[in-house]
Number of protein chains: 2
Amino acid sequence: MANAVQSYHHGDLRSALIEAATARLSEHGVDSLSLRKLAEDAGVSRTAPYHHFKDKSALLSAIAAKGFSDWHTAAKRIFEQEDKTPQVRFREFVHEYIGYAADNPEMYELMFGRTIWQNQAATNDLKNVAFPCFQFQVTMTRYWQEKGLLPNNQDALRLAQVTWGTLHGIARLLIDGIYADSSHIKEMCDCAADLFMQKQA
Amino acid sequence: MANAVQSYHHGDLRSALIEAATARLSEHGVDSLSLRKLAEDAGVSRTAPYHHFKDKSALLSAIAAKGFSDWHTAAKRIFEQEDKTPQVRFREFVHEYIGYAADNPEMYELMFGRTIWQNQAATNDLKNVAFPCFQFQVTMTRYWQEKGLLPNNQDALRLAQVTWGTLHGIARLLIDGIYADSSHIKEMCDCAADLFMQKQA
DNA sequence: GTTTTATCTTGACAGTGTCAACATAGCCTT
DNA sequence: AAGGCTATGTTGACACTGTCAAGATAAAAC
């Protein structure tokens, strides 16, 4: 920092790139995110990033990994509120999931988009953060099944895939602009929650 | 065709471009689809396509429109099988929806991806084909509600959004490579169908 | 037959990711 | 302290991309 002028090296380019990328991501979207611009943001030449990331996809994976770890802790916080009933927590989880996606559309797009997942492009670092996040969905589902909230005659993994799929699908319809009308998000969340918990209704 | 050598004009470049694009789409994916390659496929210069499409997005929209109209007729065919019970047809619809996505991943990605929908980029031609397709989902939902298949205490539009969201979400998880394991597609479809129809279970 | 319009052409520009070859800064060993 | 190794930075180059501008020709309209 202090020796920025003197020192040939940047100091912590890797962090600087991720930081710049995160800023650009939420502002201009994942599509208009170029390595060259990020390098310029960090005050460094075009190819410098390649000494810290194998390629563009690796950089994106690193950002997505941060997103997954953030969401994982958020999900745990919601799930572990012992002062609330499972029903309330479930409904809250649904709202928070869609809310997270709606509030951070570009980050969500990056985390769950094909850019970093397709063609086995996903980094091991990314998988190590994302898979526990997916697994947590199964854990929660099993818990809600035990509490009689979700149907007990279904395999937990299968049911987790479907419930997660529902949230994911609604989130994507909103984010991708297919449903431009985002004024009824809350109603949609409640409808989904009601549908899953209809045995209690 | 016959006068291809003599004639300065291509003849039906618009159709040729769409055809070439559709072929390339299913083979190499939407991401590696460039106007220049398509022009080359059609035996024409790089900028010729601009006399038939405003820009790349307009070409993609035209292809997607074809996909929507194809799917719409497929959906109607499934829905209108009068010799089968509503239950059977509903389950079949779920399987066919995911099946269509799994069999034509790149087309599905194009149809429901942000590429053509974001930033109000969608052509009017596209909207005119896609919106009736969405609307049909609501029509079917209302019918299944009347038949007692789906919960009747929910708004049809809202419920259609959620059921469609579920199918869409599962389809995307599969297509985007987040669930590489596609060997349990059928089980997931059955689980989703069971979940929606659980009142009858 | 002349004019207008649709269609296609080449040239150019500003981008992009990424590789190769080279330079230096900082640490590690002797 | 000297030399060498490695991490980190540099410029140059290549092959792409979408898209605009300006010019040419074919086809249709008058």
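Note on naming: letters A, B, ... go to the chains in the order of the sequence lines (proteins, then strands), and numbering restarts at 1 for each one.
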Holding to ring-ring contact (aromatic ring centres under 6.0 Å, His included), I want the full list of residues that pass it with B:F136, two or more places apart in sequence or in another chain. B:H72, B:F79
Ring centres under 6.0 angstrom apart (B:W164, B:F134): yes
Would you mind writing out the side-chain donor-acceptor pairs for residues 34-43 of chain B within the sub-3.5 Å range, not counting sequence neighbours?
residue	atom	partner	partner atom	Å
B:S34	OG	B:K37	N	3.0
B:D41	OD1	B:R24	NH2	3.2
B:D41	OD2	B:R24	NE	2.8
B:D41	OD2	B:R24	NH2	3.4

Pair up each side-chain donor or acceptor in residues 98-114 of chain A with any protein partner under 3.5 Å, not counting sequence neighbours, and list the distances.
residue	atom	partner	partner atom	Å
A:N104	ND2	A:Y100	O	3.0
A:E106	OE1	A:V30	N	3.1
A:E106	OE1	B:R114	NH1	3.2
A:Y108	OH	A:Y97	OH	2.7
A:Y108	OH	A:H168	ND1	2.7
A:E109	OE1	A:R172	NH2	2.5
A:E109	OE1	B:R114	NE	3.3
A:R114	NE	B:E109	OE1	3.4
A:R114	NH1	B:E106	OE1	3.2

A:Q81 backbone acceptor or donor facing A:R89 side chain under 3.5 Å: yes
Heavy atoms within less than 4.0 Å of DNA chain D: which residues of residues 48-65 of chain B have one? Give them sorted by number. B:Y50, B:D55, B:K56
Can you pull out the residues from residues 29-46 of chain A that lie within a 4.0 Å heavy-atom distance of DNA chain D?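 The stretch gives A:R36, A:V44, A:S45, A:R46 as the residues lying under 4.0 Å from the strand, ordered by number.
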Tell me which pairs pass side chain to side chain donor-acceptor pair (under 3.5 Å) where either residue lies in residues 121-142 of chain A, with sequence neighbours left out. A:S61-A:T123
For a side-chain hydrogen bond (donor to acceptor under 3.5 Å, both in side chains) check, start with the C-alpha distance between B:Q118 and A:D176, then their side-chain angles and the critical distance, and finish with the verdict. CA-CA 6 Å; B:Q118 222 183 22; A:D176 295 347; over 6 Å; no
